[in-house]
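What follows is one structure encoded as structure tokens, with my remarks underneath.
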Amino acid sequence: MKADRPGTDQPGDLPRLLLNWYDRHRRVLPWRAAPGEKADPYRVWLSEIMLQQTTVATVGPYFQAFLARWPGIADLAAAELDDVLRAWAGLGYYARARNLHKCAVTVADRHGGHFPDSEEGLLSLPGIGTYTAAAILAIAFDKPATAMDGNVERVMARLHAVRDPLPGSKPVLKAHAAALVPETRPGDYTQALFDLGASICVPRKPRCILCPWADPCRARRQGIAEELPAKTAKAAKPVRRALAFVLTDGRGHVALRRRPEKGLLGGMMEVPTTPWETAPLPSLPAAAGHVPLPGIGWQALPGLVRHTFTHFEFEIGVVAGRTAGTEEKGPGLIWVAPDALADEALPTVMMKILRHALTRMA
DNA sequence: TATCCGTGGTT
DNA sequence: TAACCAAGGAT
């Protein structure tokens, strides 16, 4: 029975239905080309990197700021990495910023400033994986590629009533998605799928009444749309703890240091801390070996700073200290005026710690 | 294949 | 509030 599978008599119906809906309801987004205008691969790439695991609302201001400061790939390639990290501060997943810069240099130096328009070429660039390569091919070059993101997985799981849980069902969902990508307007079709997942086929309480695919959707027919996609349970997050040392000098400048290039918050600035351990918070005497400047009056501040990372919870006890000098040269320390902290490459957790301390030391 | 890698908003 | 979710990539 044809009611048993998505699509009606012509398989071409589904893309056409979605494109008709998109032409009437497409979202206006800062990185999206106006109807009829050609997309700029640089803007498509920049937006796709920023949008990885990050919401449209969060990306908006960052995208505008990057575009204003670095209008083209050559400008970004010529930038200092630290300037890119500073502009990226707060967006998270900082390896994206390092790879963004590396990718810009590669495209400028080895591709004449033009992004490759092949899957292999795009996949060879840092920070571009299977999803982003397909998204660039479709949106920037209007080629029929299958861009699988969370939206598309959810829409396909429902359209075909795939009950097997993610991530195991990814190959099946991708096959379903690939079978639908049209030869005409594949870029618009891809973005239409994103819009559908973002505004209609949302995770909870999907608005099926407004959906252009309501009729062929098997999950809706079975009344299980909201239950899909199924997902395997994920492990609980452990708690890690540390003491953070907020050190100010005679001018009120704050001591920071740079984190290692790889790993968590790689290349970003930080407040000196004890090692981040699952053990209980150490006492100040027990942490003596990690104090950036011994021999001054360190004082524990009341309260804790809490922050959630992808795979652990972080609890930070904050310790404050002052030194009278203005030229303290602690090992690897960088002194920054409070007014200039916002311009540093400080991840959000470090901004929380600094705010906690500076509002209680004043 | 599984783990690591941020953050802010929503329910 | 806790859990979930977001235009994923690298190793």
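Note that these values count all heavy atoms, side chains included, but never hydrogens, waters or copies made by symmetry.
- Salt-bridge check for A/R241 with A/E277: failed, with every basic side-chain N at 4.0 Å or more from each acidic carboxylate O.
- Atom CD1 in A/I353 sits roughly 10 Å away from atom P in B/dT7 (whole-Å rounding).
- Residue order along DNA chain C, read from the 5' end via each residue's closest nucleotide, puts A/K234 first among A/V56 and A/K234.
- The side chain of A/V349 lies closest to B/dT7, out of B/dT7, B/dC5, C/dA7.
- Side-chain atoms of A/K237 come within 3.5 Å of backbone N or O of A/F309 as a donor-acceptor pair.
- A/T348 has a side-chain polar atom (N or O) that falls below the 4.0 Å cut-off from OP1 or OP2 of B/dG8.
- OP1 or OP2 of B/dT7 lies within a sub-4.0 Å distance of a side-chain N or O belonging to A/H307.
- Looking at heavy-atom distances under 4.0 Å, A/W31 makes contact with a base.
- Comparing A/P167 and A/K352 against DNA chain B, the residue whose closest nucleotide sits nearer the 5' end is A/P167.
- Atom pair A/L264:CG and B/dT3:C1' shows a separation of 13 Å (rounding to whole Å applied).
- For the pair A/W276 CH2 and B/dG6 C1', the computed distance is 11 Å after rounding to whole Å.
- We find that A/R185 and A/D142 are not joined by a salt bridge, their nearest charged nitrogen and carboxylate oxygen being 4.0 Å or further apart.
- Rounded to whole Å, atom C1' of C/dC4 lies 13 Å from atom CD of A/E313.
- Relative to the six-membered ring of A/W276, A/R259 meets both conditions, a distance below 6.0 Å and an angle of at most 45° to the axis.
- When only modelled atom types and interatomic distance are considered, A/E313 and A/T308 share a side-chain donor-acceptor pair under 3.5 Å.
- Base engagement by A/L29 is indicated by at least one non-hydrogen atom pair under 4.0 Å involving a base atom.
- Between the P atom of C/dC5 and the CZ atom of A/R204 lies a distance of 6 Å, rounded to the nearest Å.
- Residue contacts shown for A/R154 are limited to sugar-phosphate atoms, with no base heavy atom under 4.0 Å away.
- A donor-acceptor contact closer than 3.5 angstrom links the side chains of A/Q191 and A/R32.
- C/dA6 and B/dC5 are spaced 15 Å apart, taking the C1' atom of each and rounding to whole Å.
- Summary of the strand contacts: A/T55 and A/R240 both lie near DNA chain B, and taking for each the nucleotide with the nearest heavy atom, the more 5' one is attributed to A/R240.
- Rounded to whole Å, the distance from CG on A/L193 to P on C/dA6 is 13 Å.
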Taking only nitrogen or oxygen atoms into account, show me every contact under 3.5 Å that the protein makes with nucleotides 8-11 of chain C, one pair per line with its distance.
unit_1	atom_1	unit_2	atom_2	d
C/dG8	OP1	A/G150	N	3.3
C/dG8	OP2	A/Q53	N	2.9
C/dG8	OP2	A/Q53	NE2	3.3
C/dG9	OP1	A/G129	N	3.0
C/dG9	OP1	A/T132	N	2.9
C/dG9	OP1	A/T132	OG1	2.6
C/dG9	OP2	A/Y131	N	3.3
C/dA10	OP1	A/G127	N	2.6

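- B/dG8 sits 22 Å from C/dG9 when the P atoms are compared, rounded to a whole Å.
- Residue-level contact check: A/I49 touches neither bases nor backbone, having no heavy atom under 4.0 Å from any strand.
- Using atom P as the reference point in both B/dT10 and C/dA7, the two lie 14 Å apart (nearest Å).
- Residue A/H311 places at least one side-chain N or O closer than 4.0 Å to OP1 or OP2 of B/dC5.
- Atom P of nucleotide B/dG6 and atom CD of A/E270 are separated by 13 Å, given to the nearest angstrom.
- As a whole-Å value, the separation of A/M351 CE from B/dG6 C1' is 15 Å.
- In this structure, A/G197 reaches neither bases nor backbone, as no heavy-atom distance under 4.0 Å exists between it and the strands shown.
- More than 12 heavy atoms of other residues, nucleotides or ligands lie within 6.0 Å of NE2 in A/H290, so this atom counts as buried by the packing criterion.
- A salt bridge links A/D215 to A/R221: one of the charged nitrogens lies within less than 4.0 Å of a carboxylate oxygen.
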